[in-house]
Amino acid sequence: MYFKLAARNVKRQIGSYSIYFVTVAMTVALLFAVNNVIFGKNLLQIVADGQDAKGALKAGIVCLSLVVAFVLGFATSFLLKLRKREFGTYLTLGMARADILRIFLMETVLICIVALLLGVFLGLFLYQGLMAILMNLMEMQFTLSPYSPDGLMATVVLVSAIFVLSCGASAVYLKRASIYELIHAEKKVERAARHPLPWLAAMAVSLAVIAVSGFALKQQLDDMILDGASLDEVTPIFMLLASGTVFFHISMAKSIVPLLLKKKKLCSRGTNRFVLRQLSGTLSANSIMIGMLALLLTSAVIVSNFSFAQRAIQREELNKEYPYDVMYTSDRFSALMEPEKAKTHTQRTPIKETKDIIKKYAPITYWLSYATYTNKKDDLYTQTKWSGASYEGLNDSFMKVSDYNKIAVSLGREPLRLKHEFYIILNTPEAKQFSWQNLHIKINGKKYACRGVAADCPTLHYVPFFAVVPDQAVKGMEMDAQFAAYELAGQSYDSVALKHELSRLAKKWMKKTKHWENCSFRLREYGRFEQNSVYAILVVGSLFVALVLLFMAMAILALKTLSAIADDQKRYRILFRLGASPREQSRALFRQTSSLFLLPFAFPICLSLPAACICSHTMALNGYDAMSSEIYLIAGAIALVISAIYALYYTLTYLIAKRAILR
């Protein structure tokens with residue numbers, strides 16, 4: 001009997017439960033898709049350090065599941081408000097509290113089972129879409145991925161735990177609430193906020209806090225890029241931004257509408273006074289909820305923007321770090337670590353062995369070699385922060401202009417013409433902040449002037465910077481490092497196997513030279529594989545987090561609006577008796593619901609622009625000015641997707657409310 005009653009109640013309340021049900025189903029689909037990514041075999045095959053990626057995604061899912069449980073518990077309380085009078089009537093008719101609680105739990109279990117089944121069905125397709133995104137980010141050809149029974153089991157366990165946690169508070173309330181409280185709950189009046197002017201001042205202060213935290217975040221990122229500072233202070237900055245966002249919306253909800261109600265001309269037009277009075281009590285009573293929802297949406301915007309910005313930066317970093325398919329480096333480790341052992345340096349390199357190994361994997365289209373030299377002085381380093389205590393033994397590095405031009409021609413860059421000049425090549429953003437113009441140095445008794453600085457060159461030497469000088473300037477200098485670069489035909493070779501074989505050669509050569517030289521190899525395809533792995537997991541994880549937060553925020557807004565249907569029905573009937581036409585009532589309802597939806601939504605969308613500006617500025621500091629426009633396109637695309645989901649939820653909410661209220 002109880003099960004039939006619970007099923008009938010769910011069927012009767014289908015209009016109110018529809019948005020809640022759709023949100024739960026989409027959340028289940030996302031959980032199922034991500035769990036299949038975690039527990040499936042493909043992750044270990046296509047992603048480097050797959051076990052670490054699994055651990056990171058598992059930790060993220062557990063933390064996010066707690067957020068989902070809290071939000072769904074919040075949403076369940078709204079649905080419970082619609083049923084208070086019904087449950088109070090059951091108690092009045094003599095039904096035991098345990099029976100009412102049993103009916104409520106059966107309804108919840110029924111919704112959970114149906115949402116789980118629908119969510120798993122949708123997750124079957126969403127998982128393939130997620131794998132398509134992952135493989136696209138990995139630059140691999142998409143193939144259908146097998147499903148994992150462990151992924152399904154993990155989803156069932158997580159969803160069950162989420163429903164248990166979310167229903168706990170509602171069950172406790174039903175157990176303790178009195179009959180009078182349940183039956184007369186609708187008679188409670190939402191009071192408007194008093195003293196709107198102090199709240200308006202608090203809103204201005206909160207806005208200032210948000211602006212200060214944004215500036216502090218930009219400054220912290222600048223310090224990290226230019227001075228090598230750590231990100232220890234980022235967490236307090238984000239906490240400040242979160243606090244400012246919440247209090248900004250709380251104070252706005254308690255100040256704007258009461259101030260508008262004092263505008264007599266505005267209130268005298270049509271149904272403006274009615275709408276403002278409706279909003280005054282609702283916004284004031286739910287100001288904390290609005291602030292928390294704005295924080296959820298803001299988090300979704302920030303996470304999405306920064307993850308896609310990092311993906312754009314990764315592509316440029318790859319091109320800069322790996323100008324050639326294979327790069328060999330043999331530098332003097334002893335110059336910094338053991339200067340007393342570096343009495344001689346022989347120009348012996350495993351170039352022939354390297355060629356033989358590479359040819360087994362792919363044909364070599366061309367190759368070149370170059371070297372850098374040092375005069376054991378630090379005339380250039382004294383102009384930077386890399387001098388003085390703890391930097392002893394760090395000497396200037398020089399490259400012959402003929403070597404540089406050989407590289408420039410192969411990379412499609414303009415060659416240099418130097419006479420009594422030198423040209424600075426910067427490898428790190430920190431080196432940009434130092435003054436290089438009007439700098440003169442002496443090499444072998446001759447004076448050389450700074451010709452210019454280049455910050456957009458690929459990484460040719462693994463030092464903060466080096467100088468390109470005329471060939472005769474390096475005469476008598478000691479070789480600092482030797483390099484060889486190889487360009488291969490095609491990209492279809494096994495980069496992982498080639499990397500391992502070249503690494504074994506490097507270890508063999510280091511033993512032969514008694515560790516006085518550091519021999520290493522860098523492969524563009526292997527580097528792309530490693531970097532793509534990191535950023536693919538970052539982007540997929542960020543998308544998962546952003547979508548879940550977005551669905552949760554939209555669901556709460558929709559359910560909060562629908563939870564007041566019973567009160568609104570009475571008020572709109574009174575409005576109809578006062579002479580308002582159905583069209584005027586429809587407009588009033590639209591303005592009321594859209595205002596409630598817009599308040600926590602507008603700020604996160606507006607935040608997309610400053611977030612894009614910070615990302616673009618960060619890219620410019622890293623030397624990727626050309627990619628700045630892409631950041632704004634990404635921010636615009638994210639804003640459009642969020643706006644589309646917002647429009648979908650709002651349209652459903654408005655149509656359900658209109659059908660229930662305006663009859």
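Just so it is clear, the values below take in all heavy atoms, side chains as well, and ignore hydrogens, waters and symmetry mates.
Taking SG from C267 and CG from L261, the interatomic distance works out to 5.0 Å, rounded to the nearest 0.5 Å. Expressed to the nearest 0.5 Å, how far CG of L30 lies from CG of N35 amounts to 11.0 Å. Rounding to the nearest 0.5 Å gives a distance of 13.5 Å between CZ of R273 and CD of Q278. Remark: L426 CG to T384 OG1 distance equals 11.0 Å, nearest 0.5 Å. Distance CZ/R277 to CD/Q592: 14.0 Å, rounded to 0.5 Å. One finds the CD1 atom of I256 at 9.0 Å from the CG atom of L599 (value rounded to the nearest 0.5 Å).
With contacts defined as side-chain heavy-atom distances shorter than 4.5 Å, the pair F603/I210 qualifies. Taking 4.5 Å as the limit, every side-chain heavy atom of I661 sits out of range of all side-chain heavy atoms of Q585. Looking at heavy atoms from C-beta onward, F601 lies in side-chain contact with I642 at the 4.5 angstrom threshold. Looking at L607 and L297, their side chains never come closer than 4.5 Å, going by heavy atoms from C-beta outward. You'll find the side chain of P258 stays beyond 4.5 Å of the side chain of W199, heavy atoms only.
N272 places a side-chain N or O within 3.5 Å of a backbone atom of L266 that can act as its donor or acceptor partner. Distance alone, capped at 3.5 Å, places no donor-acceptor pair between the S280 side chain and the L276 backbone.
Here the closest non-hydrogen pair linking S595 and L279 is CB-CD1, 3.6 Å. When all heavy atoms of A639 and I605 are compared, the pair lying nearest together is O-CD1, 4.0 Å. Nearest heavy-atom pair, A635 versus A612, reported as atom, atom and distance to 0.1 Å: CB-CB, 3.6 Å. In terms of heavy-atom proximity, S213 sits nearest to I237 at O-CG2, 3.3 Å. When all heavy atoms are compared, the tightest approach of P196 to K262 is CG-NZ, 4.1 Å. Residues K254 and S287 approach most closely at CE-OG, 3.3 Å, considering heavy atoms.
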Show which side-chain atoms of residues 238-252 pair as donor or acceptor with protein atoms under 3.5 Å away, not counting sequence neighbours.
from, atom 1, to, atom 2, distance (Å)
S243, OG, M239, O, 2.9
T245, OG1, L241, O, 2.8
H249, ND1, T245, O, 2.8
S251, OG, M203, N, 3.3
S251, OG, F247, O, 2.7
S251, OG, F248, O, 3.0

task: Let me see the working for C613 and Y632 under side chain to side chain contact (heavy atoms under 4.5 Å, CB included), right down to the final yes or no.
output: CA-CA 8 Å; C613 290; Y632 291 101; 3.6 Å; yes

query: So V28 and L122, side chain to side chain contact (heavy atoms under 4.5 Å, CB included) or not? Walk me through it.
result: CA-CA 9 Å; V28 172; L122 295 174; over 6 Å; no

field: K658 and T593: CA distance, side-chain angles, deciding distance, side chain to side chain contact (heavy atoms under 4.5 Å, CB included) verdict
entry: CA-CA 10 Å; K658 183 179 179 180; T593 54; over 6 Å; no

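Every residue meeting the side chain to side chain contact (heavy atoms under 4.5 Å, CB included) condition with I645, not counting sequence neighbours, appears here in chain and number order: L547, L550, F551, M554, V641, Y649. Scanning for side-chain hydrogen bond (donor to acceptor under 3.5 Å, both in side chains) contacts around T271 gives R591, with sequence neighbours left out. With sequence neighbours excluded, no residue forms a side chain to side chain contact (heavy atoms under 4.5 Å, CB included) with C606. Partners of T653 under the side-chain hydrogen bond (donor to acceptor under 3.5 Å, both in side chains) rule, at least two apart in sequence or in another chain, do not exist in this structure.
S586 and Y654 share a side-chain donor-acceptor pair at under 3.5 Å.
In L259, the CG atom is crowded: over 12 heavy atoms of neighbouring residues, nucleotides or ligands sit closer than 6.0 Å.
Screening residues 264-305 for ring pair (Phe, Tyr, Trp, His ring centres under 6.0 Å), with sequence neighbours left out, gives F274-Y572.
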